Amino acid sequence: MSTFQAPKGTYDLTPPRSATFLAVREAIAAPLRDSGYGYIETPGFENVELFARGVGESTDIVTKEMYTLTTKGGSQLALRPEGTASVLRAALEANLHKAGNLPVKLWYSGSYYRYERPQAGRYRHFSQVGAEAIGTEDPVLDAELIILADQAYRSLGLRQFRILLNSLGDKECRPVYREALQTFLRDLDLDEETRRRIEINPLRVLDDKRADVQKQLTDAPKLRDYLCDACKAYHEEVRALLTAAGVVFEDDEKLVRGLDYYTRTTFEFVHDGLGAQSAVGGGGRYDGLSEMIGGPELPSVGWALGVDRTVLALEAEGIELDLPATTSVYAVPLGEEARRALFGVVTGLRRAGIAADFAFGGRGLKGAMKSANRSGARYALVAGERDLAEGVVQLKDMESGEQSAVPLSEVEAELAKRLG
Ligand code: ATP
Ligand code: MG
């Protein structure tokens with residue numbers, strides 16, 4: 001160990017576990033790519049105001065979880081705590097919404113930062129893959145996104161996850177509900193911080209994880225009873241589309257999201273094997289966000305799935321992803337001359353698109369063959385002085401153990417043939 005360690009609340013991704021992370025990112029991205037979502041990448045930091053306004057001043061993220069910094073030039077920046085505000089900002093800046101091609105469908109993958117109390121499944125640096133569909137109000141779009149997330153999780157083999165669904169209403173009906181909820185909450189026995197929350201973001205109180213709080217919320221007014229007709233119809237359509245697609249979901253009247261900007265469709269993917277940090281992903285509609293950050297009216301919907309927690313979910317279900325070995329051929333030279341010759345072969349194989357690795361450091365046959373085994377390579381190439389004198393290398397099938405001499409000039413073609 002060096003004298004340094006990864007900062008509190010962070011961890012390093014190292015082989016072999018890091019391969020699972022890459023595969024999870026890929027599995028989440030694949031259905032999006034196949035459904036017309038284009039890749040977007042934005043900076044790791046933004047003007048702090050983008051999040052303070054967009055994410056909402058009253059959210060936990062803005063009040064206590066954001067990493068902020070002042071640059072030498074005096075700008076106030078924040079490490080991005082989430083993706084939606086940045087992606088929308090970037091889409092507006094690039095005028096993607098003006099190309100007459102709405103919705104603008106985008107996906108992203110990256111690191112996010114929140115100054116949280118570190119615990120299992122909750123880190124200060126974590127990874128998300130997300131998707132946003134900007135500029136269209138259409139229940140089919142909400143359904144599409146939920147279906148694609150479901151498809152991604154199923155493709156990983158996950159089964160113990162549930163989809164929680166709710167509607168948060170719109171700018172017509174939500175304020176009425178908000179007031180009714182505040183009136184109800186003010187009469188409860190709650191601590192100071194929660195009381196403050198009643199005034200700035202009362203819906204968030206419904207999301208309180210503490211049992212003594214939840215007990216008092218049984219008779220809280222339900223948003224469902226306050227939804228306007230347009231919101232009700234929209235929500236019923238989303239539900240019907242999901243059902244038609246065979247996606248199982250649970251109506252969860254208490255579901256709200258940590259961010260202020262959500263309207264109408266709201267959902268969360270929870271996994272039952274993760275204990276307290278059970279949310280593996282979440283999202284919903286954010287029809288007012290564009291205007292909040294100074295853009296035009298662009299009703300949008302999106303989600304973000306947590307890569308870290310998805311990997312934990314795989315581990316909780318005992319799922320080992322079927323990751324193909326990255327190395328197909330492993331070369332083991334015996335002696336100085338063989339080293340040069342075989343390294344030439346390896347370089348040629350790599351250029352021909354065959355994944356190959358090499359026993360570096362002039363190790364003996366036994367240790368080198370162990371490395372060949374560990375690499376998962378399907379074939380080993382072994383050559384010593386005598387082989388070279390005959391112009392051949394020994395090609396060993398690591399599965400069957402069969403070995404045969406192949407002329408040096410034919411190795412590449414032979415391997416290409418065998419590996420298909
Ligand atoms: P939680 O209620 O657990 O705090 P959240 O509502 O803050 O989650 P979102 O902002 O919706 O989470 O982020 C989407 C996903 O990103 C979460 O479902 C989770 O998988 C992941 N995520 C969020 N915060 C963290 C974190 N601190 N560490 C690891 N993953 C996280
Ligand atoms: Mg959170």
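In each ligand, atom 1 is the first atom listed, and ligand 1 is the first ligand listed. Remember, predicted model here, so these are calculated numbers, not experimental data.
- By the criterion of a heavy-atom distance under 4.0 Å, both the backbone and the side chain of Arg122 are placed next to ligand 1.
- In this structure, Arg174 fails the cation-pi test against Tyr226, since its NZ or CZ atom is not both closer than 6.0 Å to the six-membered ring centre and inside 45 degrees of the ring normal.
- Looking at Gln128 against ligand 1, only its side chain comes within 4.0 Å, counting heavy atoms.
- Between Tyr123 and ligand 1, at least one N/O pair is under 3.5 Å apart.
- Residue nearest to atom 10 (O) of ligand 1, selected from Arg117, His271, Arg114, Arg124: Arg114 (by heavy-atom distance).
- At least one N or O atom of Gly281 sits closer than 3.5 Å to an N or O atom of ligand 1.
- Relative ring orientation between Phe343 and Phe358 is described as perpendicular, the plane-to-plane angle rising above 60° on a 0-90° scale split at 30° and 60°.
- For the pair Pro296 and Leu92, the tightest heavy-atom approach, listed with the atom from each and the gap, is CD-CD2, 3.7 Å.
- Taking any N or O of Glu268, backbone or side chain, none lies under 3.5 Å from an N or O belonging to ligand 1.
- A donor-acceptor contact shorter than 3.5 Å is absent between the side chain of Glu116 and the backbone of His125.
- Classification of Asp191 and Arg210 as a salt-bridged pair holds, one side-chain N sitting under 4.0 Å from a carboxylate O.
- Each of the following atoms of ligand 1 lies closer than 4.0 Å to a heavy atom of Glu116: 24 (N), 25 (C), 26 (C), 27 (N).
- Near Gly121, the atoms of ligand 1 lying under 4.0 angstrom from a non-hydrogen atom of the residue are 28 (N), 29 (C), 30 (N).
- Considering Thr266, Leu255, Thr265 as possible partners of Leu165, the one that fulfils the side-chain contact (heavy atoms from CB on, under 4.5 Å) test is Thr265.
- Ion pairing between Asp251 and Arg239 holds under the 4.0 Å rule for side-chain N and carboxylate O.
- Residue Asp308 has no N or O atom closer than 3.5 Å to an N or O atom of ligand 1.
- Contacts of Val280 with ligand 1, taken as heavy-atom pairs under 4.0 Å, involve the backbone alone.
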Derivation of the ring pair (Phe, Tyr, Trp, His ring centres under 6.0 Å) call for Phe249 and Phe267
CA-CA 9 Å; Phe249 58 90; Phe267 49 88; over 10 Å; no
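- By the criterion of a heavy-atom distance under 4.0 Å, the side chain of Phe126, and not its backbone, is placed next to ligand 1.
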